[in-house]
Structure formats: structure tokens, C-alpha cells
Peer 1: 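Can you keep this structure in mind? I'll have questions shortly.
When a ligand or atom number is given, it counts from 1 through the structure's own listing order. In this chain, numbering begins with 1 at the start of the sequence shown.
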Amino acid sequence: MQNVKLLIDGEFRSSASEHMIDVTNPASGDVIARVPDALAEETEQAVAAAKNAFHSWKNVPVTERARVMMRYQAILKREQERIAKVLASETGKVFDDAMGDVWRGIEVVEQAMNAPGMMMGETVENVARGIDTYSVIQPLGVCLGITPFNFPAMIPLWMFPLAVVCGNTFVLKPSEQDPQTPVLLAELFMEAGAPAGVLNVVHGGRERVDQLLNHPDIAAVSFVGSVPVGKHVYQTATANMKRAQCFAGAKNHTVVMPDANKQHVINNLVGASVGAAGQRCMAISVAVFVGDAQQWIDELASAIAEVKPGVWDDKDAGFGPLISNAAKERVLGLIQSGKKEGATCLVDGSECTVEGYEQGHWIGPTVFSDVSTTMRIYQEEIFGPVLCCLCVDSLDEALAIVNDNPYGNGTSIFTASGAAARKYQSEVSVGQVGINVPIPVPLPFFSFTGWKNSFFGDLHAYGKQAVRFYTETKTITSRWPEDSIPAGPNLTINLR
Ligand code: NAD
């Protein structure tokens, strides 16, 4: 049985902790590895290694730091399949989806390769006679990343490549449910030439996280996970005067207008709702049908019912199991609540099993119609392959529903009308909007801009905003004295 390693000061080492947590294959229920709840002193060593490495790493030219990212990108591409297989074994994702998880992370590394251009400051010559002002951006110090189970490649890669290329050092605390993927990413990062201490990895739960959030040597915290933990992380980090960005849960709506292309809607909503077993923060979990579009619900439900769950290398499988038995029980409880509260269950995945994998955490595709906004299935993030369908008479009513929802991660509209699309993009209070695109996850030269309860903080992940998050601006005003210096002291605040 493999014990997942810590990475401290360039060394992959076994933890001395006696508290080990099982990592299971969600399709079979088999324990495939054990991950330590690291000791407090090991966590301390990781932060100390990062702090020490910062002194030299921040002075490594940005071009050289970018070249580490270039090598890393090439290695990740070379190893994409190997990473995807490890990822599939511990998340249950089907292979193509596991490859996608890695690929969307590689795209962020590609953004990090552009660091020199992104780290340019500004200059104004002659702000006053003989005086120039210019700004430079500098790294913060040791940054911390706390990541969720559902994208064990992409989300760590949202964080440490950009933090590190900006000149910071990093401590990563991945999800204990699938830690082998992030540790493999760290191994490959060392192979790319990252010096010891620049990236460190520790494992554990609340106690380790709290130790890091209260640590005086951590400058900034990036978190992705659920709302309650996100709030706790944001409050603790900011109470300790740290910079924080916390990406949290979601309830993403799509609005289907009656003038949309029906086949396009159905093709896209199938994958957007049940792909990855609905365990995506940008999954579409609510479809709001406007007017006559509600006549398409039965056809959509039939198309969704066709998707079969299965194991990662089953080419006919559309998605895999849920991550854990606890996650499955939660989703089953919500499906039950939907039935009890009067929604119509058009497709019921609660009795799902996969032959040969009876111990897996399976839930089949599930579709509810006649859903109202007071039901638990509407109000709570389900994080399972469950789509809730609501019907309204107008785009204004659809907008009111979406805007009343406390989450604001992503949304989409399907329509043939430019005017409807423009009204929707302008009036919807959600941070990422798709127009005839179901899951609008921006590429990394933009930023990942969730709103409301889906995000606590100011500056978002990747893109220009991440560079601002991981750096501090320093503004310099300089004069090189010449003969024309005015005589006498300057007793005002004005430059002259
Ligand atoms: P989670 O909140 O349970 O765990 C996230 C991280 O926090 C893990 O590293 C975990 O070990 C740690 N953690 C768990 N409990 C903690 C506690 N009490 N104190 C301190 N740390 C704790 O989330 P998850 O179940 O791994 O991930 C699923 C959630 O993540 C969903 O809600 C999903 O919407 C959200 N998510 C959001 C985004 C986004 O960009 N908004 C992206 C992916 C996932």
C-alpha cells in the first residue's frame, strides 16, 4: 500500500504521522493509498523551507522562472496520459474527462510562461521637472493553496505555477480524497528544474489548514472548495491580515429561450449537467425553460437518461462514480427530498449500480421537472448528476430567478436572439456567462470570475487578476539632480 509523500524543501518524504487517511478508488471502493494527516512540525518545516527559498527565488530573473514553466509545460504534455490515469484511479473520472482536467491545468502553465510580459510595471517620464515615476511589481513571499477533490490537476495548476513564476514560493495543501495527482504534479515540477523549497506539499484536514492560516510567514491564501470551508478560510486568513481569494460552491442556471436551436440545447445540456457526475463547480444544475421551450424537457430528459455511468476506461461510460460514499448518501438524500417536496422525477438515478463494481459510489443521471425555488433540490448545491428543470413565461422571470439565487459562479443562455443574449449578459448577476455555450470556463488569459457566494475576495484566479493577487506594486519617484535644481527648501508636498 502506497503512503502518499510530503514534499518539503525538495525532498519527497514519508510523514511520521500515525494518523493516516484512506484514499479509495470510488468505482470499486478499494483502498489504493493512504495519505498522512501531517504533523504540525512537518507543516512548520514546509513553511520554513518556502520562506528560506523565497530569498533566492525572488531574485532569479523572471525569464529564468518562465523557462521553468516552459519545461514544465512540455513535461506535463509528455506525461498527460500518466497523470490522467492516476487522476482517474482516485477520482473515478472517465479517461477523456481526466485528460481534460490535466489539459485545463496545462493551459494555465502556458499563461505562466508569459510572466515577463505580465510583470511589466508602468512609467511616466517627467511627472514634474526632472522627476520620473515608475512602478514595479514584486512577489509577496510564501503563498498557500488549499484545493478540492473535484479537479486534482487543474486547480493546483490554477495556483502554484502563477504564484511561483511571479517570484513567490508555495505551500500546497491538496484534498485528502485524491492527493496522488497533486503529488505527481509536484514531482514533475521538480523535474522541470524548480529549486528546493519553491514548492512544498503537506497533507491534512482542518487542523493543518488552521495552522497554515494562522502562520505569520504565509502572505496570501488561495482556496477552492465548499462554501462553509471557504468562508472559514477567508475569515481566518483575513483576520490574520493575509490576502485571500476563496472560490466556493455553485448553483449554475442555464436559460433556454424558445427560439434556441433545440438540438444544440439538448446536446450541450446533457454533458453540462451530468458530465463528471455533476461534480463540477461550473456544472449546469438548473435549467430554466422560457415559454414553449418547456416542451423540450421530456426529450432532454430522455437524452440524459441515455448516458451511462461506468469505470474510467469504459469507452461507453459518460461519467464515473461520486467521490465517496458520504457524497453519494448526501445526493440520495437530496433526490429523496425532491420527490417528497413534490417535484416530478422524470429520470431517477438513485438505484444505479455498475456490474462488477457494486461497491462503487454510483448515482445515475437524474432529472426533475416541476421544481420550485423553495425546494431543497433547488436551494442546495447537489454536486451530483442531477438536473432541476423550472418553467417561466418570460426572460425577465428567468433573470429574476437567477439573480435571486445566492450563488454566482456561472450561467448560460441558449437563444437565437442577439437582443435577448445581450440583455441577459448585461443584467445577470453572475460572474461567468455563456451565450449558446453551456459551461463558460474562461481560458487563462482571462480570469475565473465567480461572484456572490461562489467567491470571497477581490482578485480572481489566473489571468491578469492572478498576477495582481500574487504580487505587490511598488511605485518609485526618482530625480537625478542636474544644474537646474531650484534654490531653497521645498516645504510643500508638491513635486517641483
Ligand atoms: P471542501 O470544502 O470539503 O474541501 C476543500 C479543501 O478544504 C480540501 O483541501 C479539504 O481538505 C479542506 N477542508 C475540508 N474541511 C475543512 C475544514 N473544516 N477546515 C479547513 N479545511 C478544510 O470541498 P470539496 O468537497 O473538496 O470540493 C467540492 C466543493 O468545491 C464544491 O462545493 C464545489 O462547488 C467547490 N468548487 C468550487 C470551485 C470554484 O471555482 N468556485 C471549483 C471547484 C470546486
Side-chain angles (χ1 to χ4, degrees), residues 4 21 23 26 35-38 43 90-91 93 101 104-105 108 144-159 171-179 181-183 201-214 221-237 244-252 276-285 322-324 326-328 330-331 334 361 380-384 406-411 430-432 439-442 444 447-457 460-463 465-466:
V4 183
I21 303 157
V23 179
V35 63
D37 190 3
T43 308
E90 56 184 1
T91 61
K93 284 190 187 186
D101 190 330
R104 299 249 30 192
V108 186
L144 167 66
I146 304 161
T147 53
F149 80 82
N150 68 325
F151 283 102
M154 177 183 83
I155 292 180
L157 292 172
W158 278 7
M159 298 178 183
V171 176
L172 177 66
K173 206 303 289 169
S175 170
E176 66 283 9
Q177 298 191 84
D178 44 18
T181 307
V183 168
V201 183
V202 291
H203 305 287
R206 177 169 188 153
E207 220 182 312
R208 287 293 72 75
V209 169
D210 284 349
Q211 180 187 353
L212 290 161
L213 294 176
N214 287 295
V221 181
S222 301
F223 167 90
V224 180
S226 60
V227 169
V229 182
K231 280 188 177 162
H232 168 71
V233 170
Y234 188 74
Q235 285 165 347
T236 314
Q245 51 171 198
C246 297
F247 300 84
K251 196 81 182 172
N252 304 310
Q279 299 175 113
R280 291 180 181 140
C281 63
M282 290 289 275
I284 291 295
S285 50
L322 295 197
I323 188 71
S324 65
K328 175 177 170 172
R330 234 195 75 256
V331 175
L334 280 161
H361 317 307
E380 293 181 27
E381 181 182 40
I382 299 179
F383 229 53
Y407 295 102
N409 218 29
T411 186
V430 172
Q432 301 174 99
I439 302 188
V441 179
S447 296
F448 188 92
T449 54
W451 283 12
K452 299 199 283 191
N453 264 358
S454 300
F455 177 66
F456 310 112
H460 292 87
Y462 59 75
Q465 294 200 24

Peer 1: If the cut-off is 4.0 Å to any non-hydrogen atom of Val209, which atoms of ligand 1 fall inside it?
Peer 2: 20 (C), 21 (N)

Peer 1: Measure from atom 41 (N) of ligand 1 to every heavy atom in Gly450, Cys281, Ala248 and give the option owning the shortest one.
Peer 2: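 It is Ala248 that holds the nearest heavy atom.
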
Peer 1: Among all protein non-hydrogen atoms, which one is nearest to atom 11 (O) of ligand 1, and what is the separation to 0.1 Å?
Peer 2: Glu176 OE1, 2.6 Å

Peer 1: I want to check something: taking the side chain as every heavy atom from C-beta on, are Val221 and Thr236 in contact at a cut-off of under 4.5 Å?
Peer 2: no

Peer 1: Would you say the side chain of Pro26 lies within less than 4.5 Å of the side chain of Phe149, judging by non-hydrogen atoms?
Peer 2: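 They are not in side-chain contact.
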
Peer 1: Does the N or O separation between Lys173 and ligand 1 drop below 3.5 Å for any pair?
Peer 2: yes

Peer 1: Can you see which heavy atom on Pro152 is nearest to which on Asp101, and at what distance?
Peer 2: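 Looking at all heavy atoms of both residues, the closest pair is CD-OD2, 3.4 Å.
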
Peer 1: Does Arg206 reach the side chain of His232, with side-chain heavy atoms less than 4.5 Å apart?
Peer 2: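 When only atoms from C-beta onward are counted, His232 and Arg206 do touch, with a gap below 4.5 Å.
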
Peer 1: Quick one: which of Met154, Met282, Arg280 gives a side-chain contact (heavy atoms from CB on, under 4.5 Å) with Val441?
Peer 2: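 It is Met282; the other options fail the test.
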
Peer 1: For Ile155, take its heavy atoms, then give the atoms of ligand 1 lying under 4.0 Å from any of them.
Peer 2: 42 (C), 43 (C)

Peer 1: What is the minimum heavy-atom distance between Val108 and Trp158, and which atoms define it?
Peer 2: CG2-CD1, 3.9 Å

Peer 1: Return the closest protein heavy atom for atom 40 (O) of ligand 1 as residue, atom name and distance.
Peer 2: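 Heavy-atom neighbour on the protein nearest atom 40 (O) of ligand 1: Phe448 CE2, 3.1 Å.
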
Peer 1: Considering only the protein, which heavy-atom contact is closest to atom 35 (C) of ligand 1, and what is its distance?
Peer 2: Gly225 O, 3.1 Å

Peer 1: Give me the residue, atom name and distance of the protein heavy atom closest to atom 2 (O) of ligand 1.
Peer 2: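 Checked against all protein heavy atoms, atom 2 (O) of ligand 1 sits closest to Ser226 OG, 2.6 Å.
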
Peer 1: Taking salt bridge (charged side-chain N to carboxylate O under 4.0 Å, His left out) as the definition, give me every residue that meets it alongside Arg330, ordered by chain and number, with sequence neighbours left out.
Peer 2: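 Partners of Arg330 under the salt bridge (charged side-chain N to carboxylate O under 4.0 Å, His left out) test: none.
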
Peer 1: How far is atom 44 (C) of ligand 1 from the closest protein heavy atom, and which atom is that?
Peer 2: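 Nearest protein contact, heavy atoms only, for atom 44 (C) of ligand 1 is Asn150 OD1, 3.2 Å.
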
Peer 1: Run down the list Phe151, Phe149, Phe383, Trp158 and name the one with the heavy atom closest to atom 25 (O) of ligand 1.
Peer 2: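 Heavy atom nearest to atom 25 (O) of ligand 1 belongs to Phe149.
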
Peer 1: Determine whether the side chains of Glu90 and Thr181 contain a donor N or O and an acceptor N or O closer than 3.5 Å.
Peer 2: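 A donor-acceptor contact under 3.5 Å links the two side chains.
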
Peer 1: To the nearest 0.5 Å, how far apart are CD in Glu176 and CD1 in Ile21?
Peer 2: 5.5 Å

Peer 1: Does ligand 1 come near enough to Glu381 that some N or O of the ligand is less than 3.5 Å from an N or O of the residue?
Peer 2: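 Such a contact does occur with ligand 1.
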
Peer 1: Among all protein non-hydrogen atoms, which one is nearest to atom 8 (C) of ligand 1, and what is the separation to 0.1 Å?
Peer 2: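 Looking at atom 8 (C) of ligand 1, the protein heavy atom closest to it is Thr147 O, 3.2 Å.
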
Peer 1: If you scan the protein for heavy atoms around atom 4 (O) of ligand 1, do you find one that is closer than 4.0 Å?
Peer 2: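 For atom 4 (O) of ligand 1 the answer is no, since every protein heavy atom stays at 4.0 Å or beyond.
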
Peer 1: If the cut-off is 4.0 Å to any non-hydrogen atom of Ser175, which atoms of ligand 1 fall inside it?
Peer 2: 9 (O)

Peer 1: How close do Pro442 and Gln432 get, heavy atom to heavy atom, and via which atoms?
Peer 2: CD-OE1, 2.9 Å

Peer 1: Using a 4.0 Å heavy-atom cut-off, which part of Asn409 comes near ligand 1: side chain, backbone, both, or neither?
Peer 2: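 It is the side chain that gets close, since no backbone atom is under 4.0 Å.
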
Peer 1: Of all heavy-atom pairs between Gly249 and Ser454, which one has the smallest distance, and what is that distance?
Peer 2: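 Looking at all heavy atoms of both residues, the shortest contact is O-OG, 2.7 Å.
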
Peer 1: Could you name the option among Met282, Arg206, His203 that has the heavy atom nearest to atom 17 (C) of ligand 1?
Peer 2: Arg206

Peer 1: Can you tell me which residue among Tyr407, Phe247, Tyr234 is in a ring pair (Phe, Tyr, Trp, His ring centres under 6.0 Å) with Phe455?
Peer 2: Phe247

Peer 1: Looking at ligand 1, does any of its N/O atoms fall within less than 3.5 Å of an N/O of Phe223?
Peer 2: no

Peer 1: Please report which non-hydrogen protein atom sits nearest to atom 27 (O) of ligand 1, along with the residue it belongs to and the distance in Å to one decimal place.
Peer 2: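 So the nearest neighbour among protein heavy atoms is Pro148 CB, 3.3 Å.
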
Peer 1: Against ligand 1, does Gly230 come closer than 4.0 Å with any heavy atom?
Peer 2: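 It does not; every heavy atom stays at 4.0 Å or beyond.
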
Peer 1: As an exercise, identify every atom of ligand 1 less than 4.0 angstrom from a heavy atom of Ile146.
Peer 2: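 Within the 4.0 Å cut-off of Ile146, ligand 1 contributes 6 (C), 7 (O), 9 (O).
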
Peer 1: Identify the protein heavy atom lying closest to atom 22 (C) of ligand 1, giving its residue, its atom name and the separation to 0.1 Å.
Peer 2: Val229 CG1, 3.4 Å

Peer 1: Taking side-chain contact (heavy atoms from CB on, under 4.5 Å) as the criterion, tell me which of His361, Lys93, Gln279 meets it with Ile323.
Peer 2: Gln279

Peer 1: For ligand 1, which atoms, with element, lie under 4.0 Å from some heavy atom of Pro174?
Peer 2: 9 (O)

